[in-house]
A.B. asks: 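First the structure, which I've put down as structure tokens, then a few questions once you've had a look.
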Amino acid sequence: MTEIVVGVDGSESGTRAVSWALHEAVLRGLPVRLVHVMPRWAFEMPETGRHAAVGRWAREEASDLLTRTWEDARRQKPSVEMVSQLLPGDPRTVLLTASTHEAMLVVGSHGTGGFSGMLLGSVAAGVAGRASCPVVVVRHPPQLADSGEIVVGVDGSLHSRAALEMAYAEAACRSGPVRAVYAWRKLTGVMWDRLPFSADAAAMYGTHRNEDDARRMLAEAIAGLAERYPDVKLVEQVEHGHPVDVLIQASTAAELLVVGHRAGHAFAGLTLGSVARGVLHHARCPVAIVPAHT
């Protein structure tokens, strides 16, 4: 059975990440693994020697944090099966490795060592888009509204198809709707003639001659999912504008915003590579980044 792995660091957003992971575990019937990562030098420092007391203090602090988090998690969701794990190394590398074969990795948007003015912490930025499983980054408290609405960004690619699959699964768990959001931009005749790729490829990057073409693209992207999830209500939203702006606005009343990840693509600056980065910094609800192979 796979697990939900959640990074524990004692920060406010980290505490919210634990609560979100516990709620998700109840919905999915999955166990949770609480992982705290500490510096390797302190983890491996001998019990005796010149600076042994420093290592012991660091290990005790880390162990106490993990114990307090586990006890608080047990009080929140006593029915959830959970284990805790203290590991050495770089939090980004360790969490990525720990979640390789798991259902989901959940982290807070900021750790205890981040700068208050930063919109996204180094751990969240380092694992989002690099994990082999979906990564959920929690900044704001989840809405947990009665609607249970899941917002998903769509662009017609395989990456957004993976995001749609997760969005439907999440909505089904919550008995809520999916809001499939497709943001498009006007493609003029002059631009069309100058584009170095086909009209079909242009559509994948959110550029269309008119709104009807954009709506057809959304319909093609979501085809077949309604039959697989007949109890999930679908809300289709097609808007002219930049995807980041449209998705941020749609996230205001959502429980979760789901986007695919397209790192490394030649046109990543125009697609969900940049969209994923934008919503991670500014969305008003937890954000799930989904790799294409999920």
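On a predicted model such as this, the values are computed, not experimentally measured, just so you know.
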A.B. asks: Could you tell me whether a side-chain N or O of Glu102 sits under 3.5 Å from a main-chain N or O of Glu3, the two making a donor and an acceptor?
C.D. replies: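 A pair under 3.5 Å: yes.
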
A.B. asks: Among residues two or more places apart or on two chains, list those pairs meeting salt bridge (charged side-chain N to carboxylate O under 4.0 Å, His left out) that have a residue in residues 37-59.
C.D. replies: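 Checked against salt bridge (charged side-chain N to carboxylate O under 4.0 Å, His left out) - neighbours excluded - the pairs reaching residues 37-59 are Arg40-Glu44, Glu47-Arg59.
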
A.B. asks: Within the side chain of Ser11, is there an N or O that forms a donor-acceptor pair under 3.5 Å with the backbone of Gly14?
C.D. replies: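 Indeed, once roles are kept as given, a pair shorter than 3.5 Å links the two residues.
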
A.B. asks: For Ala62, which residues count as a side chain to side chain contact (heavy atoms under 4.5 Å, CB included) partner, sequence neighbours excluded?
C.D. replies: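 With sequence neighbours excluded, Ala62 shows a side chain to side chain contact (heavy atoms under 4.5 Å, CB included) to His36, Met38, Leu86, given in chain and number order.
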
A.B. asks: Between Arg33 and Ser84 (side chain of the first, backbone of the second, donor and acceptor by atom type, cut-off under 3.5 Å), is there such a pair?
C.D. replies: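 Here the side-chain-to-backbone pair does not exist.
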
A.B. asks: Please name the pair of heavy atoms, one in Val232 and one in Gly176, separated by the smallest distance, quoted to 0.1 Å.
C.D. replies: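 Scanning both residues completely, I find the closest heavy atoms to be CG1-O, 3.8 Å.
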
A.B. asks: Can you list, by chain and residue number, the hydrophobic cluster partners of Val83 when the side-chain cut-off is 4.5 Å?
C.D. replies: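 Members alongside Val83: none; it stands by itself.
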
A.B. asks: CG of Leu65 to CD of Glu60: how many Å apart, nearest 0.5 Å?
C.D. replies: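 Going from the CG atom of Leu65 to the CD atom of Glu60 covers 13.5 Å.
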
A.B. asks: Would you list the atom pairs, donor with acceptor, under 3.5 Å between side chains in residues 217-230 and any protein atom, with sequence neighbours excluded?
C.D. replies:
unit_1: Arg228; atom_1: NH1; unit_2: Glu165; atom_2: OE1; d: 3.0
unit_1: Arg228; atom_1: NH1; unit_2: Glu165; atom_2: OE2; d: 2.7
unit_1: Arg228; atom_1: NH2; unit_2: Glu165; atom_2: OE1; d: 3.0

A.B. asks: Would you call Leu66 and Asp64 a side-chain contact if the rule is heavy atoms closer than 4.5 Å?
C.D. replies: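 Contact flag for Leu66/Asp64 side chains = no.
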
A.B. asks: Flag the pair Asp72 and Arg75 as a salt bridge only when some basic side-chain nitrogen lies within less than 4.0 angstrom of an acidic carboxylate oxygen.
C.D. replies: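 Between Arg75 and Asp72 there is a salt bridge, with a charged N closer than 4.0 Å to a carboxylate O.
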
A.B. asks: Please give me the minimum heavy-atom distance between Ala128 and Ile289, naming the atom from each residue.
C.D. replies: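 Scanning both residues, the minimum pair turns out to be CB-CG1, 4.2 Å.
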
A.B. asks: Side chains of Arg139 and Pro286: closer than 4.5 Å at any heavy-atom pair?
C.D. replies: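 When only atoms from C-beta onward are counted, Pro286 and Arg139 do not touch, as no gap falls below 4.5 Å.
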
A.B. asks: In Å, rounded to the nearest 0.5 Å, how long is the span from OG1 of Thr15 to CG of Asp9?
C.D. replies: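 Reported value, rounded in 0.5 Å steps: 7.5 Å.
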
A.B. asks: Using side-chain heavy atoms (C-beta onward) and a distance below 4.5 Å, is Val181 in contact with Val154?
C.D. replies: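 No, their side chains stay 4.5 Å or more apart.
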
A.B. asks: Quick check on side chain to side chain contact (heavy atoms under 4.5 Å, CB included): which of Val135, Leu34, Leu105, Thr100 does Val5 satisfy it with?
C.D. replies: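 Answer after filtering Val135, Leu34, Leu105, Thr100: Leu105.
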
A.B. asks: Under 4.0 Å between a Lys/Arg side-chain N and an Asp/Glu carboxylate O for Glu149 and Arg174?
C.D. replies: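 No, Glu149 and Arg174 are not salt-bridged.
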
A.B. asks: Kindly determine whether His261 and Arg277 satisfy side chain to side chain contact (heavy atoms under 4.5 Å, CB included), including the steps that lead there.
C.D. replies: CA-CA 9 Å; His261 180 64; Arg277 290 191 295 271; 5.9 Å; no

A.B. asks: Could you report the tightest heavy-atom contact between Pro291 and Ala131, atom names first, then the distance?
C.D. replies: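 Closest approach of Pro291 to Ala131, heavy atoms only: CG-O, 3.9 Å.
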
A.B. asks: Any side-chain heavy atom of Val136 within less than 4.5 Å of one from Leu256?
C.D. replies: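 Result yes, sub-4.5 Å side-chain heavy-atom pair found.
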
A.B. asks: When clusters are formed from ILVMFWY side-chain contacts under 4.5 Å, directly or step by step, what else is grouped with Leu27?
C.D. replies: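 ILVMFWY cluster around Leu27 holds nothing else.
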
A.B. asks: Less than 4.5 Å apart, side chain to side chain, heavy atoms only: is that true for Leu257 and Val279?
C.D. replies: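 Yes, close enough: below the 4.5 Å cut-off.
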
A.B. asks: Under 3.5 Å, is there a donor-acceptor pair between the Arg284 and Ser251 side chains?
C.D. replies: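 Per modelled atom types, Arg284 and Ser251 side chains form no pair under 3.5 Å.
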
A.B. asks: I'd like to know if the side chain of His23 reaches the main chain of Ser19, judged simply by a donor and an acceptor atom lying under 3.5 Å from each other, with no hydrogens or angles considered.
C.D. replies: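 No.
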
A.B. asks: Is any side-chain heavy atom of Trp70 closer than 4.5 Å to a side-chain heavy atom of Met82?
C.D. replies: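 The answer is yes, as the side chains (C-beta and beyond) meet within the 4.5 Å cut-off.
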
A.B. asks: How far does NZ of Lys233 sit from OG of Ser175, to the nearest 0.5 angstrom?
C.D. replies: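 Lys233 NZ to Ser175 OG: 14.0 Å, rounded to 0.5 Å.
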
A.B. asks: Would Thr67 and Ser63 satisfy side chain to side chain contact (heavy atoms under 4.5 Å, CB included), going step by step from the backbone distance to the final call?
C.D. replies: CA-CA 6 Å; Thr67 298; Ser63 180; 4.3 Å; yes

A.B. asks: Can Val290 and Val259 be said to form a side chain to side chain contact (heavy atoms under 4.5 Å, CB included), step by step?
C.D. replies: CA-CA 6 Å; Val290 186; Val259 293; over 6 Å; no

A.B. asks: Tell me which one of Val26, Leu30, Ile4 satisfies side chain to side chain contact (heavy atoms under 4.5 Å, CB included) with Val80.
C.D. replies: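 Answer to the side chain to side chain contact (heavy atoms under 4.5 Å, CB included) test with Val80 among Val26, Leu30, Ile4: Val26.
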
A.B. asks: Mind running side chain to side chain contact (heavy atoms under 4.5 Å, CB included) on Val35 and Val6 for me, showing each step along the way?
C.D. replies: CA-CA 6 Å; Val35 177; Val6 54; over 6 Å; no

A.B. asks: Kindly give the heavy-atom pair with the smallest separation between Gly108 and Ala17, and that separation in Å.
C.D. replies: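 Taking Gly108 first and Ala17 second, the nearest heavy atoms are N-CB, 3.6 Å.
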
A.B. asks: Contact between Arg28 and Met104 at the side-chain level, heavy atoms closer than 4.5 Å - yes or no?
C.D. replies: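 When only atoms from C-beta onward are counted, Met104 and Arg28 do touch, with a gap below 4.5 Å.
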
A.B. asks: Looking at OH of Tyr168 and SG of Cys173, how far apart are the two atoms once the value is rounded to the nearest 0.5 Å?
C.D. replies: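 Tyr168 atom OH to Cys173 atom SG measures 14.5 Å (nearest 0.5 Å).
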
A.B. asks: Could you state the interatomic distance from CH2 (Trp41) to NE2 (His51), rounded to the nearest 0.5 Å?
C.D. replies: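 One finds 10.0 Å between CH2 of Trp41 and NE2 of His51.
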
A.B. asks: What heavy-atom pair brings Pro177 and Ala171 nearest, and what distance separates the two atoms?
C.D. replies: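 Minimum heavy-atom separation between Pro177 and Ala171: O-CB, 3.9 Å.
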
A.B. asks: Sequence neighbours excluded, which residues qualify as salt bridge (Lys or Arg N to Asp or Glu O under 4.0 Å) partners of Asp90?
C.D. replies: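 In terms of salt bridge (Lys or Arg N to Asp or Glu O under 4.0 Å), with neighbours along the sequence ignored, Asp90 is linked to Arg92.
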
A.B. asks: Determine the minimum heavy-atom distance between Ala254 and Val151, stating which atoms define it.
C.D. replies: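 In this case the closest contact between Ala254 and Val151 is CB-CG2, 3.6 Å.
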
A.B. asks: Measuring from atom CG of Leu164 to atom CZ of Arg161, what distance do you get when rounded to the nearest 0.5 angstrom?
C.D. replies: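 Going from the CG atom of Leu164 to the CZ atom of Arg161 covers 6.5 Å.
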
